[in-house]
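Only heavy atoms go into these numbers, but all of them, side chains included; no hydrogens, no water, no symmetry mates.
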Amino acid sequence: MATVNEWIKAEHAAGYLERADRIPHRAEGEATLLELLPPATARVLDLGSGDGRLLAKVLQHLRHATGVAVDFSPTMLDRLQQRFDAHPGLSIVEHNFDYALPQLGSFDAVVSSFAIHHCTHERKCELYEEVFSLLAPGGVFCNLEHVASPTFKLHVDFLSSIGYTPETEDPSNKLLDVETQLQWLRSIGFEDVDCFWKWRELALISGTKPTKIS
């Protein structure tokens, strides 16, 4: 599995931000994610925050909550600083989650949006285990993700729908099917695991940490 990750490059990050609002049906997935967050959520971790688009929506939805944004792209970190400069309840952490997450405390919710698929499959599973350990009992993990299509034709059709071809798609992508990732979450110990929303290769997978760990 290639380990290419173009997101350290300013031009790659800027190109994504220029088209981010035009990703088809993205708002539907984000709205479903917000529905899954418990109303009492007080502390949120956003993995691969980008410019803070998702975390801003979460904090607007949960006005009493505080947040931690994690990213490693210099471009994205600059955008995060600009967006949340005046937000007293938010911390920004520079970290590449190709490597184990640092000690960040406990969270009621961990969210991510189109980021974890840049990790190798082995690292994805490790990261899900780390998320489980960071969640408070009853906490929820919501990953709005780019996933693999079951056939190459469907993959090509998806790429065409967002203006790409197999030759021009992001070389950083390491796509994995939904079911494998759901199985991982269940085996780690998450409950109520499901794919709560999907459009082609965009999917929202989620699970909850049990209130009592057996």
Side-chain angles (χ1 to χ4, degrees), residues 1-36 46-58 70-76 78-80 83 96-98 111-125 127-128 141-185 193-207:
M1 173 76 66
T3 57
V4 174
N5 195 325
E6 296 285 309
W7 291 88
I8 198 69
K9 299 178 180 179
E11 63 272 19
H12 191 83
Y16 168 78
L17 292 175
E18 189 277 330
R19 64 181 184 277
D21 289 339
R22 302 197 301 273
I23 296 175
H25 302 280
R26 180 177 191 167
E28 297 171 12
E30 292 168 336
T32 305
L33 184 152
L34 295 179
E35 292 175 1
L36 295 176
D46 183 15
L47 295 175
S49 300
D51 68 345
R53 172 195 171 102
L54 176 62
L55 188 54
K57 290 178 179 289
V58 170
V70 176
D71 210 290
F72 82 116
S73 161
T75 299
M76 298 305 192
D78 286 345
R79 295 293 187 95
L80 283 168
R83 185 188 289 267
N96 183 342
F97 52 78
D98 279 342
V111 301
S112 188
S113 178
F114 306 140
I116 294 175
H117 68 280
H118 298 132
C119 296
T120 64
H121 297 343
E122 179 182 14
R123 180 61 194 138
K124 289 181 182 75
C125 190
L127 187 58
Y128 290 167
F141 174 45
C142 297
N143 184 18
L144 183 59
E145 187 60 295
H146 185 178
V147 301
S149 285
T151 69
F152 181 69
K153 178 184 182 301
L154 290 176
H155 178 56
V156 173
D157 288 348
F158 169 76
L159 291 176
S160 177
S161 74
I162 61 171
Y164 284 84
T165 67
E167 293 73 30
T168 61
E169 69 176 308
D170 187 351
S172 306
N173 290 348
K174 303 166 186 67
L175 306 182
L176 185 64
D177 64 280
V178 167
E179 189 52 44
T180 296
Q181 297 183 68
L182 296 179
Q183 290 173 2
W184 283 351
L185 294 182
V193 172
D194 202 356
C195 177
F196 286 84
W197 172 87
K198 191 173 186 294
W199 177 77
R200 294 180 181 257
E201 290 187 1
L202 308 184
L204 174 61
I205 62 176
S206 179

Value for SG (Cys125) from CD1 (Ile116), rounded to nearest 0.5 Å, stands at 11.5 Å

Considering non-hydrogen atoms only, spot the tightest contact between Asp98 and Cys119 and give its length.
OD1-SG, 3.6 Å

From Ser206 atom OG to Leu182 atom CG, the distance as rounded to the nearest 0.5 Å
10.0 Å

Using the rule given for side-chain contact (heavy atoms from CB on, under 4.5 Å), can you reason through Arg26 versus Ser113, listing the C-alpha separation, both sets of side-chain angles and the distance that settles it, and then say yes or no?
CA-CA 10 Å; Arg26 180 177 191 167; Ser113 178; 3.5 Å; yes

If you measure from OG1 on Thr75 to CG on Leu80, what distance do you get to the nearest 0.5 Å?
11.0 Å

Derivation of the side-chain contact (heavy atoms from CB on, under 4.5 Å) call for Phe158 and Glu169:
CA-CA 11 Å; Phe158 169 76; Glu169 69 176 308; over 6 Å; no

Correct closest heavy-atom pair for Ser49 and Asp71 would be N-OD2, 3.2 Å

With Trp197, which of Ile205, Leu144, Leu33 fulfils side chain to side chain contact (heavy atoms under 4.5 Å, CB included)?
Leu144

Under 3.5 Å donor-acceptor, Asp177 side chain and Ala148 backbone
no

We want to know whether Thr120 and Glu122 form a side-chain donor-acceptor pair, criterion being a heavy-atom distance below 3.5 angstrom.
no

Mind running side-chain contact (heavy atoms from CB on, under 4.5 Å) on Arg200 and Ser161 for me, showing each step along the way?
CA-CA 10 Å; Arg200 294 180 181 257; Ser161 74; 4.1 Å; yes

When rounded to the nearest 0.5 angstrom, what is the spacing between CE in Met76 and CZ in Arg83?
11.0 Å

Sub-3.5 Å donor-acceptor pair from the side chain of Lys174 to the main-chain atoms of Lys124, do we have one?
no

Hey, can you tell me if Tyr128 and Trp184 have their rings parallel, tilted or perpendicular (30° and 60° cut-offs)?
perpendicular

Step by step, would you call Ser172 with Asp170 a side chain to side chain donor-acceptor pair (under 3.5 Å)?
CA-CA 5 Å; Ser172 306; Asp170 187 351; 3.1 Å; yes

Interatomic spacing from OG in Ser149 to CG in Leu159 - rounded to 0.5 Å:
8.0 Å

Donor-acceptor contact present, side-chain Thr168 to main-chain Thr165, <3.5 Å
yes

Which heavy atom in Val178 sits nearest to a heavy atom in Ala203, and how many Å separate them?
CG2-CB, 3.9 Å

Of all heavy-atom pairs between Glu145 and Ala115, which one has the smallest distance, and what is that distance?
OE1-N, 3.7 Å

Measure the spacing between CG of Asn173 and CZ of Phe114 and express it to the nearest 0.5 Å.
11.5 Å

Does any N or O in the side chain of Asp194 come within less than 3.5 Å of the main-chain N or O of Phe196, such that one atom is a donor and the other an acceptor?
no

Could you check Glu201 against Leu175 for side-chain contact (heavy atoms from CB on, under 4.5 Å), going step by step and ending with a plain yes or no?
CA-CA 9 Å; Glu201 290 187 1; Leu175 306 182; 3.6 Å; yes

Over all atoms of both residues, closest heavy-atom pair of Asp46 and Leu54
OD1-CD2, 4.3 Å

List the atom of Cys142, the atom of Leu36, and the distance in Å for their closest heavy-atom pair.
SG-CB, 3.9 Å

